[in-house]
Structures are given as C-alpha cells and as structure tokens.
Amino acid sequence: MKKEDKLVGITIVPGKGIGSAYFIGKGVELPSKVSISRQDVGDQIMLFNAVREQAKREYKALSAPGPSTPAPALQTAITGIYEQILDDPSFIGQVVETISTKLFDLETSIRLVLNDFVSRFNASGTPYLKERSGDIVEVCEKLISYLHQDDGRKKTFLEPVVLIVLRMFTPSDILSYDKSKIQAVVSASGGRTSHAAILARAYSIPVVSDIRDLQKHIYPGEQIFVDADKATVYVRPNPAIVSKFAKQKTFHNELEKLKVKWRRPVYTRDGIQIEVLANVSLPEDVDEANECGADGIGLVRTEYLLSNMKKFPSEEIQYQYYEKIFEKLDNKHCVMRLMDIGGDKVPEFFDMPPEYNPFMGWRAIRILLERKDLFEAQVAAIMKAAKKRSYSIMLPMVTTLQEWQDAKAFIVHVADKLGLKVPHCGVLFEVPLAILEMNTFMKEIDFAAIGTNDLIQYLSAADRNNSKVNYLYNPIEPAFLRIIKNAITISRDNGKPLSICGEMAGNALHTALLVGLGLQRFSVIPRTIPILKEIISKISFAEAAESVLHIDPLDSTEEVSKWLKTLNKRILGDFLEKLPFTTEV
Ligand code: PEP
Ligand code: MG
C-alpha cells in the first residue's frame with residue numbers, strides 16, 4: 001500500500017472529516033471547442049432556454065421552506081442569486097451571441113462566457129468579486145450538467161465521502177448530494193466568504209481549498225482525512241491518526257448531552273457568573289442559539305441581511321428582520337451591531353468607490369456617518385421592532401471619540417423623533433486607536449465589546465484572510481494579551497460590561513486564559529456555547545486569575561502556548577483533546 005501523503009491548503013471551514021474520495025467538477029478550463037452549422041443555431045438557443053428554465057425550477061425547489069435549521073434560509077438567499085444570474089440579460093446575451101456569431105455549440109459557448117466572467121472578476125483584484133465568481137461557476141456547471149443528461153436529482157452515497165472539487169467550490173457541490181454522507185470538502189479554489197463556504201459552515205462541513213494538482217495526489221475511492229483546523233489533507237492517512245479521530249467523534253454524543261445540560265446560566269467553581277452569548281447573522285440562527293443555551297445574543301451581524309438584496313432594504317424590510325430576531329429571543333438581551341458594510345462585505349448593489357485597501361477604507365460607522373439615510377433607516381427599524389424588549393446598539397469600527405459622539409447624538413435624535421427610549425449604546429473595539437484610548441470612551445459608553453478578528457489584523461498588520469501572513473495573526477501574542485487584559489481592567493474599574501465577540505472567544509483553548517484575564521462575558525458561535533459553559537464550570541475565577549499572572553514575564557507566542565497547554569491540562573484534564581474541532585493555540 002502506498003504511504004500517507006500530506007497536502008496543505010487553506011482553511012475555509014474548520015473541522016475534521018474522514019471518508020473516501022469522490023471527484024466532482026471538470027474545472028473551468030474548456031475541454032475542446034465544438035462548432036455547429038448555421039442551421040443549428042436556433043436549436044442551440046432553444047436548448048439554452050430550456051436548460052435555463054430547468055435550472056430555475058431546480059433552484060426554486062431547493063429554496064422551498066424546510067425544517068427550522070440555519071441552512072434553509074441561507075439556501076433561499078443563495079439560490080435566489082442563481083435565479084438572478086439565469087435571468088441576467090448580459091449573461092444570456094453573451095451566450096446567445098457566442099452561439100450565433102462564433103458558431104459554437106451550447107456547452108462551448110457557456111464555458112467561453114464563464115471563463116470570460118471569471119477572468120474579469122479575478123482581474124478586479126477585490127476578494128469580494130473573486131469569491132462572487134463562484135456563483136457564476138455554479139450556475140454554468142448546473143446548465144452543463146443537464147446537457148450531459150444529468151437528471152439533477154440528489155445523489156446518495158453508500159459510505160461517508162470527502163468531495164474532491166477540481167474547480168472552484170460551489171453550493172451545488174453540497175446541495176446536489178446527500179449531505180449526511182459528506183464528511184469534508186477539498187477544493188482547487190474557493191474563499192472563506194463565498195456562498196459555498198457560508199453554506200458548508202451552516203452544515204458543519206469542513207472545507208480546505210487552494211490545493212494544486214489534486215488529481216496527481218488523490219485517486220477516486222482512496223481514504224482521505226481532512227483536518228481543516230490545520231488546513232491539511234491526509235491521503236491514505238496512517239491508522240494512528242484515524243483512531244484518534246474516531247475517539248473525537250464519539251464526543252458528539254457527549255455534546256448533545258451538554259446542550260441539554262447548559263440551557264441554564266453557568267458559574268465558575270467559586271460562584272462567579274460568566275455570560276455566554278451567541279453571535280448570529282440571520283433570524284434562523286437564533287433558534288440554534290436557543291437550543292445551545294445562549295444567555296442572550298452578543299452580536300447580530302446585521303449586514304448579512306443585505307446578502308440577497310437587489311437594493312438597500314427599506315426600513316419596513318429591516319423592521320421585519322429585526323422583529324423576527326427579537327420574537328425568537330423570548331426577551332433575552334440582544335446586541336444589534338449596526339451594519340458593518342465594507343472590507344470583504346460589500347453588497348453588489350452598493351455604490352462603493354474602488355479601494356486599494358478595503359479593510360482600511362470606507363467601512364461600517366464611517367459609511368453610516370456619511371450616509372445618514374441608511375443610518376436612520378436601520379436605527380429606526382431596530383427601535384420600532386424592539387418594542388419594550390431588552391436590547392442595545394453596538395457601533396462597529398469606531399476609531400475616534402468624535403465618531404462615537406456623532407453616532408450617539410444621531411441615535412438620540414432618531415429616538416426623539418420617534419418618541420422612543422434611547423437604548424444602551426456601546427462600542428465594538430476593533431481599531432487599535434480606540435482600544436488604546438478605551439479609558440476616554442468609558443465615561444460615555446454603556447458597554448464595550450472587543451472584536452478580536454479585526455483588532456488582531458490591524459494591530460499586527462496581518463490580513464485576517466491571507467494565509468501567507470497567518471503566522472503573524474495570533475491571539476496569544478503577549479503584546480495582544482496585555483492589551484486585552486488592560487481593556488478588561490479598565491471596563492471593570494468603570495463598572496461597564498465588556499464582552500469579546502471575535503473568534504478568539506469561541507476557541508475552547510482560550511477559555512481558561514480569558515477567564516483568568518477577568519472576562520465575564522463571551523459571545524461566540526452558537527454550537528460552541530455548551531462546550532464553553534462546561535469548561536467554565538470547571539474553572540475557579542480566583543485561581544485562573546492567579547495562574548494568568550504567570551504570563552507577565554513571557555515574551556513569545558511559543559512560551560505562552562506552552563504555558564497555556566499546561567494550564568488547560570491542569571484545569572481540564574483531557575477534555576480539550578476530545579473536542580471535535582479544537583484548533584491550534
Ligand atoms: C471582529 O472583528 O472581531 C468582529 C466581531 O466583527 P467581524 O468579524 O464581523 O468583522
Ligand atoms: Mg470586525
């Protein structure tokens with residue numbers, strides 16, 4: 001038997017999975033061009049219309065209301081985009097023109113037009129457009145599949161599989177197959193914020209992408225172990241890795257028990273309550289948050305409402321979205337973050353000037369302070385939808401005190417205009433200048449949150465989406481931990497609550513460390529809540545604080561990592577090793 005082969009790509013959705021390799025996709029490259037005679041032009045155009053209609057019917061069926069999990073709403077949003085592409089005059093026009101003027105058959109014409117779109121999107125240089133090219137790949141692959149007599153029905157597998165996608169990963173790669181058998185996806189390309197990635201995340205399917213020459217390394221049917229936490233794919237994995245993974249899998253049953261156990265508040269061993277809130281994007285996510293025992297919602301990423309829109313949603317549409325969230329929450333507290341548009345989250349309809357450096361550009365509160373119409377619509381919709389429920393408003397990407405003051409004054413103005421009470425307002429500290437000046441903000445804000453995802457990238461000048469500089473993007477960098485510790489101390493001294501809602505807070509390896517630094521409010525993706533609560537219940541607040549004093553003299557991430565492993569082992573025994581999605585410290 002050939003020995004293990006190890007391939008490294010980039011993590012799109014973390015997690016682990018094992019199964020046999022199943023290949024899909026031919027890649028976007030054109031096989032061979034097929035010419036037609038002029039008499040066949042009409043037939044090819046009619047065929048094009050027929051397959052477009054067939055695809056629209058299929059996407060519509062996929063978006064039909066389903067059971068209440070986070071994924072169906074996403075499916076509806078995503079398949080809606082495909083229906084728009086299928087009706088897009090420029091797409092239809094280019095295919096018809098290629099058939100009728102260049103005299104190529106339908107498949108050749110679709111592939112030529114697809115390649116043209118993909119190269120234009122890729123040349124745009126913006127990560128957002130590059131990832132959107134996955135949408136057009138998806139639609140074209142679907143049309144071509146009908147030409148090959150694919151009946152479009154869901155395919156089932158007899159055994160667990162790892163999908164090996166030879167081109168860009170698209171949502172159909174998941175939706176066309178029996179999801180329960182898909183253990184992981186390995187693809188030639190695809191980004192973290194692509195629709196395929198969003199869907200895979202919702203279904204907890206780990207994904208690694210950007211692996212070259214997949215066909216040279218993997219043969220159909222071979223056993224594949226995907227460790228997406230480490231962006232690594234093991235072909236023909238050695239038995240030791242397989243048995244360690246099997247042990248972790250049994251933890252899933254334990255996880256179900258933890259979900260039931262932790263639908264209640266958690267206290268440390270010495271009786272300090274620690275709140276564990278949920279980060280959500282869509283109203284449907286609130287169901288999962290409730291199921292997982294969230295003590296409330298610490299972050300609603302409201303900009304996700306824009307993902308399937310052709311234009312900016314009116315106040316009424318926004319009202320309905322926020323009302324759904326509030327209704328599902330059953331009066332638990334909810335922190336609505338105002339829309340964080342910009343960076344890698346720019347909706348297609350939004351008139352964004354070209355930017356060389358979008359993460360440093362026109363984003364979030366910077367946009368809202370200039371576009372008061374959008375600011376007012378959102379704040380009014382939230383206030384009206386909240387009625388008498390418990391909620392607060394969080395401002396993203398605040399840099400200066402002046403920005404906060406202007407934004408707060410505007411919120412007060414909207415509340416006065418509506419005759420409604422001004423809610424508690426706080427700042428999401430994710431820009432270095434703001435967190436370093438936290439003391440000044442404290443006199444005015446009602447609460448603070450730390451967005452470690454952005455804060456780390458801005459402090460270390462390391463793009464959060466760039467795997468090349470990932471080694472610099474490290475939440476346990478001693479200098480970063482000192483900043484966090486200082487922020488926690490400042491907010492405690494000022495009697496203002498503080499949460500951490502970046503990904504760092506959801507990593508179980510960091511829980512004891514953060515409690516030791518004094519953190520009393522976590523906000524994390526719903527499914528990690530029961531795990532965090534279980535860990536917290538094993539920690540003594542006072543002892544963790546004492547232990548964390550030992551990191552003061554440490555000055556490298558390696559030293560902190562070593563120290564943290566020892567601390568976790570001492571407090572939690574082998575609990576962390578059993579977790580199915582532990583990531584590196
Ligand atoms: C963050 O930056 O940590 C954060 C919570 O916001 P987002 O990930 O949406 O940028
Ligand atoms: Mg952020």
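Scope of the values below: all heavy atoms of this structure, side chains included, with no hydrogens, waters or symmetry mates. Each ligand, and each atom within it, is numbered from 1 in the order the structure gives.
Of all atoms in ligand 1, listed by their number and element, those nearer than 4.0 Å to a heavy atom of C501 are 5 (C). Atoms of ligand 1 lying under 4.0 Å from at least one heavy atom of G502, given by number and element, are 3 (O). Atoms of ligand 1 found under 4.0 Å from any heavy atom of G451, numbered from 1 in the order shown, are 1 (C), 2 (O), 3 (O). For ligand 1 and K345, the ligand atoms under 4.0 Å from any heavy atom of the residue are 9 (O). Listed by atom number, the atoms of ligand 1 under 4.0 Å from R464 heavy atoms are 2 (O), 7 (P), 8 (O), 10 (O). Ligand 1 places these atoms under 4.0 Å from at least one heavy atom of R363: 10 (O).
Heavy atoms of other residues, nucleotides or ligands lying less than 6.0 angstrom from NE2 of H413 number more than 12. Atom NE2 of H333 sits in a crowded spot, with more than 12 heavy atoms from other residues, nucleotides or ligands closer than 6.0 Å.
For K179 and Y203, the positive end sits near the middle of the six-membered ring, less than 6.0 Å away and at most 45° from its axis. Remark: K387 is not positioned above the aromatic ring of F326, lacking an NZ or CZ atom under 6.0 angstrom from the ring centre and at most 45 degrees off the axis.
Between R337 and ligand 1, an N or O atom pair is found at a separation short of 3.5 Å.
Between I382 and Y391 there is a side-chain heavy-atom pair separated by less than 4.5 Å.
Between E430, M394, R301, it is E430 that holds the heavy atom closest to atom 2 (O) of ligand 1.
No part of M504 comes within 4.0 Å of ligand 1, judged by heavy-atom distances. In D340, the part holding a heavy atom less than 4.0 Å from any atom of ligand 1 is the side chain. At a heavy-atom distance under 4.0 Å, no atom of Q457 approaches ligand 1. When heavy-atom distances to ligand 1 are checked against a 4.0 Å cut-off, M397 has no atom that comes that close, whether in backbone or side chain.
Aromatic ring pairs are classed by plane angle as parallel below 30°, tilted from 30° to 60° and perpendicular above 60°; the pair F350 and F312 is tilted.
Within the 4.0 Å heavy-atom cutoff, E503 does not count among the residues contacting ligand 1.
Centred on the Mg ion (ligand 2), the OD2 atom of D454 and the OE1 atom of E430 lie at an angle of 100°, reported to 10°.
Looking at V431, V346, D454 one by one, the single match for side chain to side chain contact (heavy atoms under 4.5 Å, CB included) with R363 turns out to be D454. For the side chain to side chain contact (heavy atoms under 4.5 Å, CB included) criterion with V286, the lone passing option out of K332, K328, K324 is K328.
In this structure, D552 pairs ionically with K485, as a charged nitrogen and a carboxylate oxygen lie closer than 4.0 Å.
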